[in-house]
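Here the structure is a predicted model, which is why all the values come from computation and not from measurement.
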Amino acid sequence: MSKMKNSGVAWIGEIPEGWSLIRFKDKWKNIKEIAGEASDEYERLALTLNGVIKRPKDDSEGLQPKAFDGYQILRENNFIFKMIDLQNISTSRVGLSPYTGLVSPAYIRFAPKIEGQFSKYTYYFLMSMYYNCVYNNLGGDGVRSALNSSDMGSFVIPFPDDETQHKIAKYIDLQKVKVDSLIANVQAQIEKLKAYKQSLITEIVTKGLDPSVPMKDSGVEWIGEIPKHWGVTRIKNLFDLRNERNDEADLSKVNLISLYTDLGVVQHSDIVETTGNRAVTAEGYKFVHKNDIVVNIILCWMGAVGMSNYNGVTSPAYDIYSPKDGTLSEYYHYLFRTQRFNGECYRYGRGIMLMRWRTYSTEFRSIDIPCPTYDEQVAIIAHLKSKCNQIDQLIAIKQKKIDKLNEYKKSLIYEYVTGKKEVP
């Protein structure tokens, strides 16, 4: 092991005595090259958590420019940085482009001062700083925290000789492939468990728990066959649309309820997470009672519908449904979370483009749904709670494996790019 010295930089710590320290701008220069009329000659690129990738110019996701003349050119072996809104720790920050193409003019670009400059080792160091939230802590407080090109140019980087840089980058490449393969394998297992859970719920909420009972055609395509003694009815016959508004502005006196598409539940929160913005006031928000069904009319076709476990208020843009006597919301919570039902929400929806597709209350209330007996609903709820809990525990165990592998990968990169470990 090499003798170590103090780098003088808190987030770097000690480095080998033979290594030097440089400023990023000593080897790379900030450039902004607007494409202008030449924009048609280049492909579009995007900075993601997986690095710089190609992105179709007609991709409808997110904000889209009318033209790409104002975009800047990013060339192969150039660095690109997104150093705005640094309080958001889950977005991409650093990329080393394998392509030449167009990127947003809001990004910061650095090109090597010397043609053919080896950049992979430096990229891993910059990514390690991203993993350790260094940029986020340097950008100041508030949602508009940012770093500029001058800040990035002054960034201090440990800089071993070229041979050592190549050895470190090659070793990290190999180890990343191994770790990423393990992560992909575990993630595939998680996806299978999620698919099984969804299949199980769909089967039980539409077919019941007893596979031996006589079946009949429900007359509704998305439901298919149901037990012969079950009925079919519309949502409006089981739930009343609630439209009570809150007149309390003080957030400390009310609970805010947030709806998550991925979790499939409505949770208590101090922040309205569906928009990502802190609510300024609760005045005008809709009342939600425990066991109410909350529907995001824009995203219910993606699963943004579920039963509340809390009393409180929620976004005025949501529809709230209270169960009528004899209706068990929890059974319908499971039903409303199935992909088949979500497909009905889309079929009954209207609007333009996917993210503006709304399923209004008039249409939502008209959707046909199965209606088991009360006792069967109770039994179905108990069974699904038990089975889903078992599946969720397995998923949680596997997710912890992924988290540990990701932490190992981050630690490995940091230790080698700062010389705390030597390549074997």
Heavy-atom count around [X] [atom1] within 6.0 Å, excluding the residue itself: above 12?
| X | atom1 | value |
| --- | --- | --- |
| Lys216 | NZ | yes |
| Lys32 | NZ | yes |
| Lys410 | NZ | yes |
| Gln339 | CD | no |
| Tyr360 | OH | yes |

For Phe336, the option from Val295, Ile235, Val205 that meets side-chain contact (heavy atoms from CB on, under 4.5 Å):
Ile235
I need the single residue from Ile108, Ile31, Val103 that forms a side-chain contact (heavy atoms from CB on, under 4.5 Å) with Gln72. Which is it?
Val103
Please walk me through it: do Cys345 and Phe364 pass side chain to side chain contact (heavy atoms under 4.5 Å, CB included)?
CA-CA 7 Å; Cys345 289; Phe364 184 85; 4.0 Å; yes
Please answer whether the main-chain N or O of [Y] pairs with a side-chain N or O of [X] as donor and acceptor at a distance below 3.5 Å.
| X | Y | value |
| --- | --- | --- |
| His333 | Met307 | yes |
| Ser7 | Glu14 | no |
| Lys324 | Lys236 | yes |
| Gln377 | Thr327 | no |
| Trp11 | Cys133 | no |
| Ser154 | Ser150 | yes |
| Asn296 | Ile298 | yes |
| Ser97 | Glu76 | no |
| Thr338 | Leu335 | yes |
| Ser181 | Val177 | no |

Salt bridge present between [X] and [Y] (N-O < 4.0 angstrom):
| X | Y | answer |
| --- | --- | --- |
| Arg242 | Asp319 | no |
| Arg55 | Glu43 | no |
| Glu330 | Lys385 | yes |
| Lys420 | Glu415 | no |
| Arg347 | Glu344 | yes |
| Asp173 | Lys170 | no |

If you take all heavy atoms of [X] and [Y], which pair is closest and at what distance?
| X | Y | result |
| --- | --- | --- |
| Leu21 | Pro158 | CD2-CA, 3.8 Å |
| Arg365 | Arg234 | O-CB, 3.7 Å |
| Trp230 | Ile226 | CB-CD1, 3.9 Å |
| Thr206 | Arg340 | OG1-NH1, 4.5 Å |
| Ala169 | Phe118 | CB-CZ, 3.7 Å |
| Val179 | Lys409 | CG1-CB, 4.1 Å |

Test Lys387 against Leu200 for side chain to side chain contact (heavy atoms under 4.5 Å, CB included), laying out the working first.
CA-CA 9 Å; Lys387 297 296 290 186; Leu200 177 73; 3.7 Å; yes
Validation row: [X], [Y] side chains within 4.5 angstrom (heavy atoms):
| X | Y | answer |
| --- | --- | --- |
| Met83 | Arg93 | yes |
| Tyr348 | Ile367 | yes |
| Thr314 | Ile320 | yes |
| Phe24 | Thr122 | yes |
| Glu376 | Val378 | no |

For the atom pair [atom1] ([X]) and [atom2] ([Y]), what is the distance rounded to the nearest 0.5 Å?
| X | Y | atom1 | atom2 | result |
| --- | --- | --- | --- | --- |
| Ile381 | Cys388 | CD1 | SG | 12.0 Å |
| Leu241 | Ile293 | CG | CD1 | 13.0 Å |
| Asn78 | Lys29 | CG | NZ | 9.5 Å |
| Asp180 | Asn406 | CG | CG | 8.0 Å |
| Asp26 | Ile157 | CG | CD1 | 9.0 Å |
| Ser128 | Ile172 | OG | CD1 | 8.5 Å |

Proximity of [X] and [Y] rings by center, below 6.0 Å:
| X | Y | result |
| --- | --- | --- |
| Tyr130 | Tyr124 | no |
| Phe110 | Trp28 | no |
| Phe239 | Tyr332 | yes |

Tell me whether Lys57 forms a cation-pi arrangement with Phe68, defined as NZ or CZ under 6.0 Å from the six-membered ring centre and within 45 degrees of its axis.
yes
Cation-aromatic face contact Lys54/Tyr99, 6.0 Å, 45 degrees
yes
Test log, rule side chain to side chain contact (heavy atoms under 4.5 Å, CB included), inputs Met152 and Asn148
CA-CA 6 Å; Met152 295 310 301; Asn148 56 36; over 6 Å; no
Please walk me through it: do Phe155 and Met129 pass side chain to side chain contact (heavy atoms under 4.5 Å, CB included)?
CA-CA 11 Å; Phe155 205 70; Met129 297 304 100; 3.9 Å; yes
Apply side-chain hydrogen bond (donor to acceptor under 3.5 Å, both in side chains) to Glu363 and Ser366, showing your working.
CA-CA 5 Å; Glu363 287 78 18; Ser366 298; over 6 Å; no
Can you list the steps and then say if Glu244 with His289 is a side-chain hydrogen bond (donor to acceptor under 3.5 Å, both in side chains)?
CA-CA 11 Å; Glu244 301 171 68; His289 297 169; 4.6 Å; no
Criterion side-chain hydrogen bond (donor to acceptor under 3.5 Å, both in side chains) on Asn77 and Ser119, from CA distance to verdict
CA-CA 7 Å; Asn77 199 37; Ser119 301; 3.2 Å; yes
Pair Ser212, Asp210 - check side-chain hydrogen bond (donor to acceptor under 3.5 Å, both in side chains), show working.
CA-CA 5 Å; Ser212 66; Asp210 185 357; 2.6 Å; yes
Ignoring hydrogens and geometry beyond distance, is a side-chain donor-acceptor pair present between Ser308 and Lys290 at under 3.5 Å?
no
